[in-house]
4 protein chains.
Amino acid sequence: MAKIAFIGLGNMGAPMVVNLVKAGHEVRVFDLVEEAVQQVAAQGAIAVDSARNTLLGAEFLISMLQTGKQVEGLMLTGEALLTHINPTALVVDCSTIDAETAKEMAQAAADKGIEFVDAPVSGGTAGAAAATLSFMVGGSEGAFERARPILETMGQNIFHAGGNGAGQLAKACNNLLLAVLMAGTAEALNLGIRCGLDPKVLSDIMLKSSGRNWALELYNPVPGVMEGVPASKDYHPGFMVDLMCKDLGLAMEASLASQSAIPMGSLARGLFNLHQGQDNGTLDFSSIFKLYRRDA
Amino acid sequence: MAKIAFIGLGNMGAPMVVNLVKAGHEVRVFDLVEEAVQQVAAQGAIAVDSARNTLLGAEFLISMLQTGKQVEGLMLTGEALLTHINPTALVVDCSTIDAETAKEMAQAAADKGIEFVDAPVSGGTAGAAAATLSFMVGGSEGAFERARPILETMGQNIFHAGGNGAGQLAKACNNLLLAVLMAGTAEALNLGIRCGLDPKVLSDIMLKSSGRNWALELYNPVPGVMEGVPASKDYHPGFMVDLMCKDLGLAMEASLASQSAIPMGSLARGLFNLHQGQDNGTLDFSSIFKLYRRDA
Amino acid sequence: MAKIAFIGLGNMGAPMVVNLVKAGHEVRVFDLVEEAVQQVAAQGAIAVDSARNTLLGAEFLISMLQTGKQVEGLMLTGEALLTHINPTALVVDCSTIDAETAKEMAQAAADKGIEFVDAPVSGGTAGAAAATLSFMVGGSEGAFERARPILETMGQNIFHAGGNGAGQLAKACNNLLLAVLMAGTAEALNLGIRCGLDPKVLSDIMLKSSGRNWALELYNPVPGVMEGVPASKDYHPGFMVDLMCKDLGLAMEASLASQSAIPMGSLARGLFNLHQGQDNGTLDFSSIFKLYRRDA
Amino acid sequence: MAKIAFIGLGNMGAPMVVNLVKAGHEVRVFDLVEEAVQQVAAQGAIAVDSARNTLLGAEFLISMLQTGKQVEGLMLTGEALLTHINPTALVVDCSTIDAETAKEMAQAAADKGIEFVDAPVSGGTAGAAAATLSFMVGGSEGAFERARPILETMGQNIFHAGGNGAGQLAKACNNLLLAVLMAGTAEALNLGIRCGLDPKVLSDIMLKSSGRNWALELYNPVPGVMEGVPASKDYHPGFMVDLMCKDLGLAMEASLASQSAIPMGSLARGLFNLHQGQDNGTLDFSSIFKLYRRDA
C-alpha cells in the first residue's frame with residue numbers, strides 16, 4: 001500500500017480520498033476548509049494542519065483544486081510543494097485547469113527531477129463516490145503506468161491521452177463536444193415539442209437513430225422524460241452551468257492557443273453564458289432546455 | 001401476402017422493393033427511369049408502364065420520391081393517384097418531405113376516405129439493402145398498425161411518431177441533431193489534433209465519456225481513424241452533403257412554422273451550406289471535417 | 001391627381017393614406033377593422049364597405065397587409081381583386097412578404113395584362129407619418145416609373161431593386177443585416193460594460209471607428225445612452241421583436257430557396273427567437289440587449 | 001518640443017515616427033530590424049543601437065509591438081525599460097494587446113512612480129501615414145491629458161476610454177463588432193446575389209436603410225462594387241485576416257475574463273478562423289466574402 005498526500009477535499013476530492021482509504025492506502029489530507037478535513041479524517045484519512053505536512057513520506061501527491069492559479073500556488077509559488085516533496089514521488093494533478101499551466105507545472109517538476117501528470121476526471125460526484133470516474137492522463141508512458149494503479153482505485157477508465165497537458169486537452173475537447181450535444185439535444189427536443197411531438201416518443205426514436213448521443217441516453221434535458229436525472233429534479237445538479245461555462249472557457253483557451261476554429265462550441269458557450277447570466281449558474285447544465293422553453 | 005404498388009425506384013426505393021418481393025408480396029412498380037424499373041423487375045417485381053397502372057388491385061401504395069412537390073404531383077395534381085386508387089388501400093409515403101405537404105396529402109386522402117401515413121426512413125442505402133431501416137411513421141394508430149407488417153419487411157425499427165406529419169417532423173428533428181453531432185464531433189477532433197492529440201486516442205476517450213454520440217461510434221469523420229466509413233474512403237457517400245442540406249432545410253421549415261429557436265441547428269446548416277458551396281455537395285456529409293482542416 | 005384604392009389601414013397603412021390624401025389624391029380605403037376605416041375617412045379618405053369597392057375608377061391599387069397568404073387572398077383567391085380591377089391600373093403591394101408569393105402575384109397579374117410591383121417599406125411608423133419611408137421596389141422599369149410619383153408622396157427614398165420579387169428580397173437582405181447589426185452592437189456594448197467601460201463612452205468611440213453602424217448611430221440598445229430611442233423608453237416599440245422574427249423568417253425562406261449559407265443571420269434569428277420565447281415579443285427589437293443583460 | 005523614445009518600427013510604427021519628427025519632436029528609435037531603423041533615421045529620427053538607449057532624456061516612451069509578451073519583455077522582464085527610464089517620463093503603449101497585460105504593466109509602472117497609458121490605434125497603415133489614426137486611451141485623466149498632444153501629432157480622434165486597460169478593451173469591443181459587421185455584410189450581399197439582386201444596387205439600398213454600417217460605407221467586400229477597396233484589388237490588405245483573428249482572440253479573452261456571452265462575435269471568429277485555415281490569412285479581412293462565394 002502506498003503513502004499518499006491529498007490536497008483539496010471538495011465535492012470531488014472527499015469521496016476520492018475515501019476510496020483511496022478503503023483500498024488500504026495511507027492518505028494524509030489537507031484543505032483550507034477545516035470541516036472538510038475532519039469529515040474525511042472520520043473515514044480513515046490522516047488529517048494534517050498544512051499542505052506541506054501531507055508530504056511526510058509521500059510516494060504520491062494528488063491535488064484536486066479549482067483553478068490553474070491555485071495549482072500553481074500549491075505547487076510552485078505559494079506552498080511550493082514541488083520544492084518540499086521527495087523527488088521520487090509522483091505528482092498527480094486531478095484538477096481541471098488549462099493545458100498551459102499543466103505543462104508549466106510538469107516542466108517545473110521535471111526541472112527538479114520529479115514526475116508529474118495531469119489527470120482531470122469526468123463522471124461527477126456520483127462517479128467519485130462509486131469509484132467509476134474516468135481519468136484522462138497527460139504525461140510520459142512511465143509516469144502514466146506509475147499513476148494507473150492508484151487511479152484505478154478511484155475510477156474505471158484510465159486513459160493515457162498523451163504527453164503533459166494532453167489530459168487537460170482531452171477533457172476540454174470532450175466537454176466542448178458535450179456542451180454541443182446537450183444544447184443540440186435540448187434544441188431538437190424543443191423543436192419537436194413545439195411541432196406537437198411527444199418528447200418521450202421523439203427521444204425514443206432518436207435514441208435508435210443517428211441522433212443518439214450521451215445526453216439523450218443518460219441525461220435527457222426535458223423534465224419528466226427520464227427518471228432520476230437532473231431535469232426531473234428541478235435541474236438540481238449534477239454538473240452545474242457554472243462549471244460547464246468554466247470548462248468551455250478552457251476549450252476556448254485551447255482554441256486560442258492552437259488557432260482552431262470552433263464555431264459550434266463557441267455558440268454553445270454563448271448559449272450557456274446567456275443562460276448563466278439569467279441567474280441559472282447553479283442549476284444543472286441540462287437546464288439549457290429552459291433557455292429554449294420558458295415554461296420548463 | 002399483399003398486393004403493393006410502389007413508385008420511386010432510386011437508390012433507396014429499389015432495394016426496398018427487393019425486400020418486399022423476397023417476403024412474397026406482389027409488387028407493381030413504376031419509375032420515370034425505365035432502367036430502374038427493369039432492374040427491380042429482374043428481381044421479381046412486376047413492371048408496369050405508368051404510375052397509375054401500379055394501382056391494379058393494390059392494397060398498399062408506397063412512394064419513395066425526392067420532394068414535396070413530387071409527392072403532391074403524384075398523389076393529387078398530376079398522376080392524381082388518390083383519385084384512382086381503391087379507397088380501401090393504405091397509402092404509405094416514405095419520401096422525406098416537409099410536414100406541411102405530408103399533412104395536406106393526408107387530408108386530401110381523408111377527404112376521399114383513404115388512409116395515409118408519412119413514413120420517412122433513416123439508415124441509408126445499406127439499411128435499405130439489409131432491411132434494417134428505421135421508419136418514423138405519422139398517422140392514426142389504426143393506419144400505423146396496418147402499415148407496420150409491411151414496413152417490418154423493409155426495416156427493423158418501426159416508430160409511431162404521432163399523427164399525420166409527425167413522421168416527417170421526427171425525422172427533421174433527428175437529422176437536425178445529427179448535423180449538430182457531426183459538426184461538433186469534427187470540430188472537437190480537429191481541436192484535439194491541432195493541440196497535438198492523436199485523433200484515434202481522443203476518439204476512444206470521448207467514446208467512453210460524455211462526448212459519446214452516433215457520429216463518434218459509427219461514422220468517425222477523421223480519415224483513417226475508423227475502417228470502412230466514408231472518411232476512410234475519400235468521403236465517398238454514404239449520406240451526401242447535398243442531402244444533409246436538404247434535410248436541414250426541412251428542419252428550418254419546421255422551425256419557421258413553429259416559431260422555434262434553433263441556433264445550433266441553424267449554425268450547423270450554415271456550415272454545411274458553406275461546405276456545399278465549396279464544391280463538396282456530392283461528398284459524404286462527414287466531410288464537414290474538411291471545412292475545419294484543409295489537408296484532410 | 002390619381003384615383004387610388006388602398007387596402008390595409010394598420011399602423012403603417014393609415015398614415016400612408018393620410019399622406020396620399022394630403023397630396024391631393026382621391027383615396028378609397030378598406031380594412032376589416034371598421035374603426036381603422038373611420039379614422040382615415042375622418043382625414044379625407046373615402047370609406048367604402050368592401051375591398052372590391054375600393055376599385056371604382058382606381059388607377060392604382062395599394063395594399064399594406066401582414067402575410068403572403070393575406071395578399072394572395074386579397075389579390076387572387078378570396079377577394080380576387082386582380083379579376084375585378086381595371087387592367088390598366090398599377091398594383092403596388094407594400095406588404096412585407098416572401099418573394100415567392102410576390103412573384104406569383106406578379107405573374108397572375110401579368111396573365112391578366114396587369115402591372116404589379118412589390119414595394120415593401122422601411123422606416124417604421126414614424127417614417128410613415130413623416131412621409132420619409134424607403135420603398136424597395138421589384139418590377140419592370142416601366143412599372144417602377146409609374147409607381148414612383150405615388151410612392152414619393154409617402155416616402156423619401158424610392159429604390160428600384162430589380163424585377164418582380166426583388167423588392168421583397170432587398171428588404172429581407174437588409175433586415176437580416178439589421179438583425180446582425182443590432183445583436184452585434186448589443187453584444188459589443190454588453191462586453192464593454194461587463195469589462196468596466198462606460199457604454200456612452202464606448203458608443204462614442206465606436207461611432208467614430210470601424211464599429212459604426214445604423215444601430216449605434218440612431219438606435220442605441222442600452223437604456224440611457226441615447227435619448228428618445230426605445231431603449232430609453234422601456235423598449236416601447238418601435239419595431240417589435242415579433243416583426244423582426246417574422247422578417248428573419250422571410251430571409252430564411254430566401255436562403256432556403258437560393259441554397260445560401262447565412263450563418264450570422266441564422267444565429268441572430270436564433271437569438272431573437274430565444275428572446276421572443278421569453279415573453280418579449282411585443283418589445284422593441286433593440287431589447288435583445290436584455291438577453292445579454294438581465295438587469296437592463 | 002518633446003524628447004521621445006520610440007520602440008517598434010513596423011508598418012504602423014514607422015509612419016507614426018515620421019509624423020512625430022515632422023511635428024518637430026526629437027525621436028530616438030529602436031527596432032530589432034536594423035533596416036527599419038535606418039529607414040526612419042533617413043527621415044529625421046535618431047537611430048540608437050538598443051531599446052535602452054532610446055531613453056536618453058526621454059519625456060515620453062512610445063511602444064508599438066505585436067504581443068503582450070513582447071510588451072512585457074520590453075517593459076519589465078527583458079529590456080526592463082521601466083527600470084531604466086526617467087520616472088517623470090510618460091509611457092504610452094500603442095500595441096494592441098490583452099487588457100490584462102496592459103493593467104499589469106500600468107501597475108508595475110505605478111510601483112515605480114511612473115505613469116503609463118495603453119493607447120491602441122485604429123485606422124490602419126493609411127491612417128498612420130496620414131496622421132488620421134484613432135487612439136483609444138486607458139489611464140488616469142492626468143496621464144491622458146499628458147499623452148494627448150503627442151497623440152494628436154499622429155492621429156485625429158483621441159478617446160479617453162477609461163482607466164488602465166480600458167483602451168485595449170474598447171478596441172477589442174470595436175473590432176469584435178467590426179468582425180460581425182463585415183461577416184454580416186458579406187453574408188447579406190451574398191444572399192442578395194444568389195437571389196438575383198445586383199450587389200451594387202443592393203449595397204446602395206442598404207446604405208440608405210437600416211443595414212448601413214462601416215463595412216458597407218467604406219469597405220464593400222464584393223469585388224467591383226466599390227473602387228479602391230481591397231475587394232477590388234484581389235483582397236490585397238488592408239487589414240489582414242490574420243490580424244482580425246488575433247483581435248478576435250483578444251475579444252475572446254475579454255469575454256473569458258468577464259464571463260460575458262458573445263455568441264455573434266464567437267461565430268464571426270469561427271468563420272474568420274475557418275477562412276484563415278483555408279490559406280487566406282494574409283488576405284484582407286473583407287475576403288471573408290470568399291468563404292460565402294467560391295468564385296469571388
Side-chain angles (χ1 to χ4, degrees), chain C residues 99 122 134 136 157 159-163 165-166 169-170 172-178 180-181 183-185 187-192 194-198 201-202 204-206 208-219 251 254-255 257-265 267-268 271 292, chain D residues 99 122 134 136 157 159-163 165-166 169-170 172-178 180-181 183-185 187-192 194-198 201-202 204-206 208-219 251 254-255 257-265 267-268 271 292:
Chain C
S122 85
S134 291
M136 306 173 194
N157 293 114
F159 299 107
H160 188 201
L169 290 166
C173 291
N174 183 75
N175 282 21
L176 177 87
L177 182 50
L178 171 58
V180 169
L181 302 185
T185 299
E187 181 171 310
L189 289 170
N190 180 58
L191 175 62
R194 288 189 66 96
C195 290
L197 300 184
D198 179 300
V201 170
L202 178 57
D204 288 346
I205 292 174
M206 296 199 298
K208 297 231 176 179
S209 306
S210 48
R212 182 175 66 239
N213 70 82
W214 182 91
L216 210 49
E217 287 174 332
L218 299 177
Y219 219 93
S255 149
S258 62
Q259 293 197 293
S260 307
I262 53 168
M264 296 294 293
L267 176 54
L271 296 177
Y292 288 92
Chain D
S122 85
S134 292
M136 306 173 193
N157 294 113
F159 299 106
H160 188 202
L169 290 165
C173 291
N174 182 75
N175 282 22
L176 178 86
L177 183 49
L178 171 58
V180 169
L181 301 185
T185 298
E187 180 172 310
L189 289 170
N190 181 57
L191 176 62
R194 289 188 66 95
C195 291
L197 300 184
D198 179 298
V201 171
L202 179 56
D204 287 346
I205 291 175
M206 297 198 297
K208 297 233 174 177
S209 305
S210 48
R212 182 175 65 240
N213 69 82
W214 183 91
L216 210 49
E217 288 174 331
L218 299 177
Y219 218 94
S255 150
S258 62
Q259 293 198 292
S260 307
I262 52 168
M264 297 293 294
L267 176 54
L271 297 176
Y292 288 91

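Labels below follow one simple rule: chain letters A, B, ... track the order of the sequence lines, proteins then strands, and each chain is numbered from 1.
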Side chain, backbone, both or neither: which part of [X] has a heavy atom under 4.5 Å from chain D?
X      : result
C:A268 : both
C:D204 : backbone
C:Q259 : both

- Message: Within the structure provided, determine whether D:I262 and C:R194 are in side-chain contact (heavy-atom separation under 4.5 Å).
- Response: no

Most chain C-contacting option - heavy-atom pairs closer than 4.5 Å, from [options]:
options                        : answer
D:V180, D:N190, D:L216         : D:V180
D:N175, D:L169, D:V201         : D:L169
D:G192, D:A254, D:A257, D:S122 : D:A254
D:G162, D:A183, D:C195         : D:C195
D:H160, D:E187, D:R212, D:M206 : D:E187

Can you see which heavy atom on [X] is nearest to which on [Y], and at what distance?
X      : Y      : value
D:L271 : C:P263 : CD1-CG, 4.0 Å
D:N174 : C:S210 : ND2-OG, 3.0 Å
D:L176 : C:A188 : CD2-CA, 4.2 Å
C:F159 : D:S209 : CE1-OG, 4.4 Å

Structural part of [X] lying under 4.5 Å from a heavy atom of chain C:
X      : result
D:L189 : neither
D:N157 : side chain
D:S134 : side chain
D:A215 : neither

- Residues at least two apart in sequence or cross-chain that pass side-chain hydrogen bond (donor to acceptor under 3.5 Å, both in side chains) with D:S258, listed by chain then number, are D:S260

- Item | Atom pair CG (D:L177) and CG (C:L181), whose distance is rounded to the nearest 0.5 Å | 8.0 Å

- What pairs with C:A170 under side chain to side chain contact (heavy atoms under 4.5 Å, CB included), at least two apart in sequence or on another chain? C:M136, C:A161, D:L197, D:L202, D:I205

